[in-house]
Amino acid sequence: EKDGHDWFMRKEIHEQPRAVADSLLGRRTPEGHLHLDEMRLSDQELRDVDKVIIIACGTSFYAGMVAKYAIEHWTRVPVEVELASEFRYRDPILDYSTLVVAISQSGETADTLQAIRHARTQRSKVLAICNTNGSTIPRESDAVIYTHAGPEIGVASTKGFLTQLVACYLLALYLAQVKGTRYGDEIDQVMQQLEAIPEQVQRVLDDASSIYAMAADHVDTRSVLFLGRHAGYPVALEGALKLKELAYIHAEGFAAGELKHGPIALIEEGLPVLCVVPPAGRDQLRDKMVSGIQEVRARGARTICLVEDGDDAITPYADVIIRLPRVPVLLQPLVAVVPLQLFACELATQMGHDVDQPRNLAKSVTVE
Ligand code: F6R
């Protein structure tokens with residue numbers, strides 16, 4: 001049942017190329033238009049959307065953070081991302097032109113369910129991104145994008161997350177198509193980039209041995225920091241969450257630009273700092289990340305850098321380099337999170353923990 005793997009989680013990490021491919025399947029018509037089968041909201045309803053609010057918990061919330069970057073970039077519609085457990089209690093401003101997007105792998109998370117019920121009382125449209133057919137959240141939503149990860153059994157979400165990201169990109173592109181904010185050939189180009197992801201994720205998986213070796217060096221570690229920027233920031237948060245859940249290590253993710261506003265005080269000799277380096281681009285995000293890496297290293301941190309293939313300028317500042325396939329910055333989470341999943345799974349294994357059933361956690365949280 002675990003396909004020769006020691007844990008469901010490891011099996012599910014290795015299923016990701018297929019899960020991503022399945023989640024992309026059948027989304028384009030022969031004419032090249034995007035088509036989402038359970039969209040159920042009319043083009044006019046979507047054109048009327050002037051604000052998107054994404055609600056989710058845990059790992060699904062981090063997928064929502066990535067979605068914000070994608071939706072705002074491609075559609076120019078403002079997006080808020082909110083923890084489902086906080087949403088109802090701040091009297092959110094909602095009306096019929098607000099699209100509420102609930103992201104939930106299980107479709108049963110109580111906080112997320114209560115949040116969509118509240119949104120519907122305010123006449124907002126609710127779209128669910130969900131991996132579980134017929135579960136409560138999609139049943140109570142106006143529209144659904146199902147992810148096709150297959151059942152996720154390990155408590156820590158892995159293929160659930162990657163396929164949520166795919167669904168978020170599809171939603172962003174679909175909105176752009178309907179609203180006319182992007183041309184068809186640009187949407188087509190992103191779809192082709194997405195269709196290349198399964199093979200690129202497979203390459204990351206084939207390289208796992210270096211990550212396993214790195215895990216062996218960290219079995220006595222008590223604290224790890226993760227840094228990212230732009231779409232790499234939620235990846236840093238997700239990497240830290242995986243380590244907390246599975247290895248019970250204190251781990252925190254930061255937006256690298258925030259370092260000097262406080263977190264840099266945490267840096268001490270030998271502290272491992274995992275850095276998700278954005279691909280080189282016009283906006284100098286990468287260069288700013290590199291200077292952050294230099295700063296923490298000058299203060300004694302052990303820098304472990306996830307960098308795109310061919311970016312060699314980072315070498316002098318990295319104690320360990322993990323190479324990522326070259327993808328656009330918005331899609332980078334799809335490849336960058338995989339080494340962090342492998343790292344947490346392997347480190348927890350080497351520490352002797354039960355990876356599939358971490359202490360104190362349940363697969364779906366059906367109480368508030
Ligand atoms: C992390 C994890 C949790 C879930 C969260 C939301 O590995 O599994 O943080 O992501 O409980 O669950 P869903 O997506 O089922 O609503």
Side-chain angles (χ1 to χ4, degrees), residues 7-13 15-16 19 23 54-67 81-88 100-117 119 126-141 144-168 226 234-249 251-253 333 337-338 340-345 347-348 353-368:
W7 304 112
F8 281 109
M9 182 189 181
R10 208 187 302 267
K11 166 173 177 264
E12 289 162 4
I13 290 173
E15 283 170 350
Q16 290 182 119
S23 293
I54 301 175
I55 46 179
C57 304
T59 290
S60 302
F61 176 77
Y62 301 144
M65 288 176 71
V66 176
V81 193
E82 178 111 13
L83 291 167
S85 55
E86 290 293 324
F87 178 70
R88 275 183 308 146
V100 170
V101 178
I103 308 178
S104 175
Q105 188 285 128
S106 63
E108 301 294 348
T109 300
D111 285 312
T112 311
L113 179 59
Q114 294 305 334
I116 66 167
R117 285 182 178 158
V126 175
L127 180 144
I129 291 178
C130 186
N131 192 46
T132 314
N133 258 295
S135 57
T136 313
I137 289 171
R139 271 195 282 120
E140 295 199 16
S141 298
V144 194
I145 302 176
Y146 278 112
T147 50
H148 298 292
E152 193 178 59
I153 293 167
V155 163
S157 186
T158 53
K159 62 178 183 172
F161 178 66
L162 242 67
T163 56
Q164 284 168 346
L165 290 176
V166 170
C168 289
F226 291 75
V235 174
L237 295 172
E238 171 62 3
L241 180 62
K242 286 281 130 359
L243 220 51
K244 289 176 212 171
E245 285 182 291
L246 302 170
Y248 318 141
I249 290 179
E252 265 196 89
V337 78
V338 178
L340 305 185
Q341 298 168 338
L342 287 166
F343 177 57
C345 180
L347 182 53
H353 300 316
D354 184 333
V355 167
D356 285 335
Q357 296 287 339
R359 67 185 184 198
N360 309 340
L361 294 174
K363 182 67 187 160
S364 73
V365 184
T366 52
V367 290
E368 279 187 64

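When a ligand or atom number is given, it counts from 1 through the structure's own listing order. Source: prediction; values computed, not measured.
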Using a strict cut-off of 4.0 Å, indicate which atoms of ligand 1 neighbour a heavy atom of [X].
X	answer
S104	13 (P), 14 (O), 15 (O), 16 (O)
V155	8 (O)
G58	9 (O)
K242	1 (C), 7 (O)
A156	7 (O)

Heavy atom of the protein closest to [atom] (residue, atom name, distance):
atom	value
atom 15 (O) of ligand 1	S106 OG, 2.7 Å
atom 6 (C) of ligand 1	C57 O, 3.3 Å
atom 3 (C) of ligand 1	T59 N, 4.1 Å
atom 16 (O) of ligand 1	T109 OG1, 2.5 Å

*Take Q105 and S60, measure what side chain to side chain donor-acceptor pair (under 3.5 Å) needs, and give me the verdict at the end.*
CA-CA 7 Å; Q105 188 285 128; S60 302; over 6 Å; no

*Is E245 touching ligand 1 with its side chain, its backbone, both, or neither, if touching means heavy atoms under 4.0 Å apart?*
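The answer is the side chain.
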
*Nearest non-hydrogen atom to atom 11 (O) of ligand 1 belongs to which of T112, V365, N131?*
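The residue whose heavy atom sits nearest atom 11 (O) of ligand 1 is V365.
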
_Partner set under side-chain hydrogen bond (donor to acceptor under 3.5 Å, both in side chains) for T112, not counting sequence neighbours_ =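 side-chain hydrogen bond (donor to acceptor under 3.5 Å, both in side chains) list for T112, sorted by chain: empty.
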
*Any chance you could lay out the side chain to side chain donor-acceptor pair (under 3.5 Å) test for T136 and E108, step after step, and finish with the verdict?*
CA-CA 6 Å; T136 313; E108 301 294 348; 2.6 Å; yes

*Positive for side chain to side chain donor-acceptor pair (under 3.5 Å) with K159, one of Q164, E15, Q341, Q16*: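 When Q164, E15, Q341, Q16 are each tested with K159, the side chain to side chain donor-acceptor pair (under 3.5 Å) holds only for E15.
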
_Tell me the closest heavy-atom pair linking I55 and A115, and the distance in Å._
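Shortest heavy-atom contact: CD1-CB, 3.4 Å.
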
*asked:* Looking at every non-hydrogen atom in both residues, tell me the closest pair between V355 and C345 and how far apart they are.
replied: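 Taking V355 first and C345 second, the nearest heavy atoms are CG2-O, 3.8 Å.
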
*Min N/O separation K363 to ligand 1 under 3.5 Å*: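 No, since none of the N or O atoms of K363 sits under 3.5 Å from an N or O of ligand 1.
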
*Mind checking ring-ring contact (aromatic ring centres under 6.0 Å, His included) for F343 and listing every partner two or more places apart, or none if nothing turns up?*
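Result, ring-ring contact (aromatic ring centres under 6.0 Å, His included) vs F343: H218.
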
*Mark yes or no for whether T147, through its side chain, and A149, through its backbone, hold a donor-acceptor pair below 3.5 Å.*
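Answer holds: no.
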
